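In this text the structure is predicted, and so the values were computed from the model without any measurement. In what follows, every chain begins at residue 1, and chains take the letters A, B, ... in the order their sequences are listed.
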2 protein chains.
Amino acid sequence: MIRHVVHFTWSDAADADRRARTVAALRRLPEQVPGSLAFTVAPDAGLVEGNAQTILVADFPDAEAFRRYATDPVHLEVIAEHVRPFLAARSAVQYEV
Amino acid sequence: MIRHVVHFTWSDAADADRRARTVAALRRLPEQVPGSLAFTVAPDAGLVEGNAQTILVADFPDAEAFRRYATDPVHLEVIAEHVRPFLAARSAVQYEV
């Protein structure tokens, strides 16, 4: 199984309301883009200074299913509309579990 | 439960052998520093350009157990010796699961 983990840090262009709408759009992704076995979007717990602000964790049965998700046009549209314009930093890893 | 997720990108100061020793040192942490319920260190799967290179995922029963781990002197020593000198970038999130 492939676990896809993304850390997002939002820019000042996104106020609290805009960030909430972006998080909601990310949470709708598994309804719109098939292939994931589990899908979580969560806020950082605020325990440590300097952390990213939002984490997305999604499980896929294999690399091919992840690639289909990553390149799905609906996914790319959500990123272009709700994520990229409000991003200060992004860090991603996919790993075998 | 608190899940602690760190992405590491290693600098050119660390060749493959040095990176392997750093990963081994991270994997020894749960034997040396108490408190985690689960502890994984894994390489990025190499599916996407621009990813971080190593992920660490550790579960703690609560924020207090995470804080004890994070501030444990043995943990800080491992970071100072094996991680910080070879780090190009680091991104972390803790979140409630």
Side-chain angles (χ1 to χ4, degrees), chain A residues 1-11 19 22-23 26-27 35-72 75-76 79 83-84 87-97, chain B residues 1-11 19 22-23 26-27 35-72 75-76 79 83-84 87-97:
Chain A
M1 195 168 76
I2 290 286
R3 185 159 288 162
H4 169 54
V5 183
V6 188
H7 295 174
F8 302 97
T9 303
W10 307 114
S11 73
R19 290 177 196 195
T22 290
V23 165
L26 290 172
R27 286 187 169 141
S36 60
L37 304 170
F39 202 100
T40 302
V41 181
D44 179 67
L47 304 175
V48 178
E49 281 288 310
N51 274 5
Q53 292 156 341
T54 304
I55 188 168
L56 181 156
V57 183
D59 289 347
F60 297 88
D62 53 31
E64 197 39 48
F66 164 72
R67 280 206 185 90
R68 277 195 301 271
Y69 160 86
T71 58
D72 186 289
H75 180 214
L76 298 176
I79 291 174
V83 177
R84 200 167 298 129
L87 211 49
R90 177 187 181 280
S91 173
V93 168
Q94 295 86 41
Y95 68 109
E96 288 273 1
V97 288
Chain B
M1 194 169 79
I2 291 284
R3 185 160 290 163
H4 169 54
V5 182
V6 188
H7 294 174
F8 302 96
T9 302
W10 307 113
S11 73
R19 291 176 197 196
T22 291
V23 165
L26 290 172
R27 287 188 169 139
S36 59
L37 304 170
F39 203 100
T40 301
V41 181
D44 179 66
L47 304 176
V48 178
E49 281 288 309
N51 273 5
Q53 292 156 340
T54 303
I55 188 167
L56 182 155
V57 183
D59 290 345
F60 297 88
D62 54 31
E64 196 40 48
F66 165 72
R67 280 207 185 88
R68 275 196 302 273
Y69 160 85
T71 58
D72 186 290
H75 180 213
L76 297 176
I79 291 174
V83 177
R84 199 168 298 129
L87 211 50
R90 177 187 181 279
S91 173
V93 168
Q94 295 85 40
Y95 69 108
E96 288 273 2
V97 288

- Item | Set of side-chain hydrogen bond (donor to acceptor under 3.5 Å, both in side chains) partners for B/Thr22, sequence neighbours left out | B/Arg18
- Message: Does any backbone or side-chain atom of B/Arg67 lie under 4.5 Å from a heavy atom of chain A? Answer side chain, backbone, both or neither.
- Response: side chain
- Query: Who pairs with A/Thr54 by side-chain hydrogen bond (donor to acceptor under 3.5 Å, both in side chains), at least two apart in sequence or on another chain?
  - Reply: A/Trp10
- Listed by residue number, which members of residues 87-97 of chain A have a heavy atom under 4.5 Å from any heavy atom of chain B? A/Ser91, A/Ala92, A/Val93, A/Gln94, A/Tyr95
- Query: How about residues 55-66 of chain B versus chain A: which residues have heavy atoms under 4.5 Å apart?
  - Reply: B/Ile55, B/Val57, B/Ala63, B/Phe66
- Item | chain A contact via B/Thr9 - which portion, at a heavy-atom distance below 4.5 Å | neither
- For A/Leu37 and A/Met1, work out which heavy atoms get closest and say how close. CD1-SD, 3.7 Å
- For the atom pair OG (A/Ser11) and CD (A/Gln53), what is the distance rounded to the nearest 0.5 Å? 9.0 Å
- Item | Heavy-atom pairs under 4.5 Å with chain A, option from B/Thr40, B/Val5, B/Ile2 with the top count | B/Val5
- Provide the closest heavy-atom pair for B/Tyr69 versus B/His75 in the form atom of the first, atom of the second, distance. O-ND1, 2.9 Å
- Exercise: identify the closest heavy-atom pair between A/Pro43 and A/Arg27: CD-NH2, 4.2 Å
